[in-house]
Undergrad: 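My structure is below; once you've seen it, I'll send some questions.
Lettering of chains follows the sequences in order, A, B, ..., and the numbering in each one begins at 1. Atom set for the values below is all heavy atoms of this structure, side chains included, hydrogens, waters and symmetry mates excluded.
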Amino acid sequence: MESDLKNLKIGVLALQGAFREHIIAIKGCGALAYEVRLPYELEDKDGLIIPGGESTTISKLIELYEFKPRLDNFYRKGKPIFGTCAGLILLARRVKNENFGLGYIDIEVERNAYGRQIDSFEEFIDLNLNHNSDPKKFRAIFIRAPKITKVGDNVKVLGKIGNNVVMAREKNVLVSSFHPELSEDRRIHQYFLNMIREYVKKEN
Amino acid sequence: MEKGTLRIKTGLAEMLKGGVIMDVTSVDQAKIAEEAGAVAVMALEKVPADIRAAGGVARMADPEIIIKIMEAVSIPVMAKARIGHFAEAQILEAIGVDYIDESEVLTPADERFHINKWDFKVPFVCGATNLGEALRRIAEGAAMIRTKGEAGTGNVVEAVRHLRNIKDEIVRVASLPREELVTVAKELGAPYELVLYVHENKKLPVVNFSAGGIATPADAALIMQLGADGIFVGSGIFKSENPAKMARAIVEATTHYNDPEILARVSRNLGSAMYGTEISKIPKEELLSVRGW
């Protein structure tokens, strides 16, 4: 189990934001993570994390450095992609009042819809990761978080606060509107690593 | 549901890492900064170079300017309060700014005490020139530190000095035997618990940006290579010949700080950078970085 984790190569988009925390989280789970700053660095990766940060900044750098073709290719191959907060915004099909959105997951999103920084909050939430997942609540940290306003039919809801979906998955794309990389709890990163492991097993 | 926790306050600073926070004085400038890829803007009445030129007492900006900028951009908006002026900070919190900079660029309101930042839900960033000063600010509740540099000069030398000071002192504290730490805490004028944190983790407990005198993409790359988590650019953008181009170039340089080919490309044809001032030519009483205690 441990040894096959070491064979996985996880890229973390390092244009701006909390990429270091994701690298620490992945390493904490026993796998290897690498910063991705230029499109060609995606080629040998088995999975990709798009971290929290400022979505306008990251999207401008994605455009300026022409990431789109290689990202599209990455997604179409079925390689797992995980977006947290700003990363979720970038992966969404539609973003209210904005024209970005890579469109890899069928959700609609509104930026900063939980409010400004003084409204940022922490909340313990239930995770619905798999049948025998740990029932312990997850300490989720929301910082100027985006709100998922609509979820497509093929999207699986993995976490909620009240009626609001805060974590979801469609095929190879996982998103959360909060920051699991800022918690010590590694269950979500482990879940993402399992997605990558399954992808690699299928490819071989 | 909990709000205003330390994790939430430091968390926003974590999200700003690897980015550029730009000083702006109008809605138009704020939009230029956002379009260029700034991770946040600092809403001001005057950039530091103009504050320096104007002299007199520099205060918190008119809330009207700050509110207009908050309405115009979707990125976080910061604003400055005077050192020790907790009423200015209360006003900034009331209008909902995302971060307060308790800043030496404004004229201090208290010559002995800084604001007790634990009283607020909004996070604070504070300036520091050395490790002791950084840890004192953190003890008062700062959720982010920025090395001061010498604001409004376009001269990066003080930013380099302050960043190296802090990095060197962290290395020293981390290397000392544990029995020396109480005495080190006394010498630094910092709480023992925070000195112990630095000793064990080899870093500050909060994000550390760099400010004061950064004027070109090369300056940004230098500061990032020296280990800053991100940068503040004050006068460097809107006092340059072509602010939009300079802003974009500094954003790219901050992301690709380790890639000389990209740095060479983004540094070309930017027009002239802001005028730079030799620090030794500034009268001692006009230095900003010595404010704060």
Side-chain angles (χ1 to χ4, degrees), chain A residues 13-22 24 35 37-38 51-65 84-87 89 95-98 110-125 139-146 161-162 178-179 181-184, chain B residues 1-22 33-41 70 73-78 92-100 120-123 143 203 207 229-230 247-249 251-252 254-259 261-262 266:
Chain A
L13 195 65
L15 297 175
Q16 190 273 316
F19 49 85
R20 215 181 306 151
E21 283 62 35
H22 275 293
I24 292 166
E35 293 179 6
R37 279 196 169 77
L38 290 168
E54 264 314 304
S55 54
T56 50
T57 304
I58 299 173
S59 74
K60 280 176 205 307
L61 290 165
I62 283 180
E63 200 183 311
L64 207 58
Y65 285 81
T84 58
C85 195
I89 295 169
V95 184
K96 193 181 172 189
N97 299 329
E98 306 281 351
E110 188 180 346
R111 290 180 58 212
N112 305 333
Y114 288 98
R116 302 192 74 94
Q117 173 63 14
I118 43 175
D119 301 309
S120 294
F121 61 97
E122 330 187 351
E123 181 74 284
F124 284 89
I125 64 167
R139 180 187 177 198
I141 294 163
F142 294 80
I143 295 170
R144 288 170 51 93
I161 291 185
F178 56 92
H179 293 283
E181 75 279 14
L182 295 184
S183 304
E184 281 82 46
Chain B
M1 187 182 292
E2 272 196 288
K3 294 183 181 180
T5 62
L6 187 60
R7 202 73 208 105
I8 296 290
K9 289 175 170 179
T10 56
L12 178 56
E14 305 281 359
M15 296 311 135
L16 301 174
K17 277 187 311 195
V20 184
I21 299 165
M22 301 183 191
E34 183 176 48
E35 182 55 36
V39 289
V41 290
M70 285 164 61
V73 296
S74 66
I75 56 180
V77 176
M78 303 183 167
L92 293 174
E93 181 172 61
I95 64 176
V97 300
D98 296 298
Y99 240 95
I100 295 175
F120 293 79
K121 280 205 156 58
V122 61
K203 67 183 190 75
V207 165
D229 290 319
R248 172 60 61 88
V251 167
E252 289 184 58
T254 303
T255 292
H256 296 286
Y257 65 88
N258 258 334
D259 191 328
E261 282 180 28
I262 291 179
V266 303

Undergrad: Return the option, out of B:T10, B:V251, B:T255, with the maximum number of heavy-atom pairs under 4.5 Å with chain A.
TA: B:T255
Undergrad: Please identify, among B:I75, B:V20, B:V122, the residue contributing the most non-hydrogen atom pairs under 4.5 Å to chain A.
TA: B:I75
Undergrad: Just how far is it from atom CG of B:D259 to atom CG of A:L38, taken to the nearest 0.5 Å?
TA: 6.0 Å
Undergrad: Need one label for A:Y65: side chain, backbone, both or neither, based on atoms under 4.5 Å from any heavy atom in chain B.
TA: side chain
Undergrad: Under a 4.5 Å heavy-atom cutoff, which of A:N112, A:T56, A:L61, A:I143 has the most pairs with chain B?
TA: A:I143
Undergrad: Pair A:R37, B:Y257 - check side chain to side chain contact (heavy atoms under 4.5 Å, CB included), show working.
TA: CA-CA 11 Å; A:R37 279 196 169 77; B:Y257 65 88; 3.8 Å; yes
Undergrad: Heavy-atom distance under 4.5 Å to chain B: side chain of A:I58, backbone, both or neither?
TA: neither
Undergrad: Using the test side chain to side chain donor-acceptor pair (under 3.5 Å), find all partners of B:T5 that sit at least two apart in sequence or belong to another chain.
TA: A:E122
Undergrad: So how far is it from A:E54 CD to B:E34 CD, rounded to the nearest 0.5 Å?
TA: 8.5 Å
Undergrad: For each of A:S120, A:A18, A:S59, tally heavy-atom pairs with chain B at distances under 4.5 Å, and name the one with the top tally.
TA: A:S120
Undergrad: Measure distances from A:A86 to the heavy atoms of chain B and classify the residue's part below 4.5 Å as side chain, backbone, both or neither.
TA: neither
Undergrad: Restricting to side chain to side chain donor-acceptor pair (under 3.5 Å), what partner residues turn up for A:E181, sequence neighbours left out?
TA: A:H22, A:H179
Undergrad: Taking every heavy-atom pair that is under 4.5 Å apart, which of B:V97, B:V39, B:N258 has the most such pairs with chain A?
TA: B:V39
Undergrad: Please classify the contact between A:R116 and chain B as side chain, backbone, both or neither, with a heavy-atom cut-off of under 4.5 Å.
TA: both
Undergrad: Given a strict heavy-atom distance threshold of 4.5 Å, which part of A:R111 is in contact with chain B: side chain, backbone, both, or neither?
TA: side chain
Undergrad: Counting only non-hydrogen atoms closer than 4.5 Å, does A:I118 touch chain B with its backbone (N, CA, C, O), its side chain (CB onward), both, or neither?
TA: both
Undergrad: Checking A:D119 against chain B: side chain, backbone, both or neither under 4.5 Å from a heavy atom?
TA: both
Undergrad: At a 4.5 Å cut-off on heavy atoms, which part of B:A40 comes close to chain A: side chain, backbone, both, or neither?
TA: neither
Undergrad: Give the intermediate values and the outcome of side chain to side chain contact (heavy atoms under 4.5 Å, CB included) for residues A:Q16 and B:T254.
TA: CA-CA 9 Å; A:Q16 190 273 316; B:T254 303; over 6 Å; no
Undergrad: Please classify the contact between B:V77 and chain A as side chain, backbone, both or neither, with a heavy-atom cut-off of under 4.5 Å.
TA: both
Undergrad: Which atoms of A:L182 come close to chain B, meaning under 4.5 Å heavy atom to heavy atom: side chain ones, backbone ones, both, or neither?
TA: both
Undergrad: Counting heavy-atom pairs under 4.5 Å to chain A, which of B:G18, B:G11, B:S74 comes out on top?
TA: B:S74
Undergrad: Hey, what do you get for CD1 (A:I141) to CZ (B:R7), rounding to the nearest 0.5 Å?
TA: 5.5 Å
Undergrad: Most heavy-atom pairs under 4.5 angstrom with chain A, which of B:M1, B:K121, B:K9?
TA: B:M1
Undergrad: Passes side chain to side chain contact (heavy atoms under 4.5 Å, CB included), A:Q117 versus B:I8? Steps please.
TA: CA-CA 8 Å; A:Q117 173 63 14; B:I8 296 290; 3.6 Å; yes
Undergrad: Flag the one option from B:G4, B:A38, B:P76, B:G37 with the top tally of heavy-atom pairs under 4.5 Å to chain A.
TA: B:P76
Undergrad: Would you call A:R20 and B:E14 a salt bridge, using N to O less than 4.0 angstrom?
TA: no
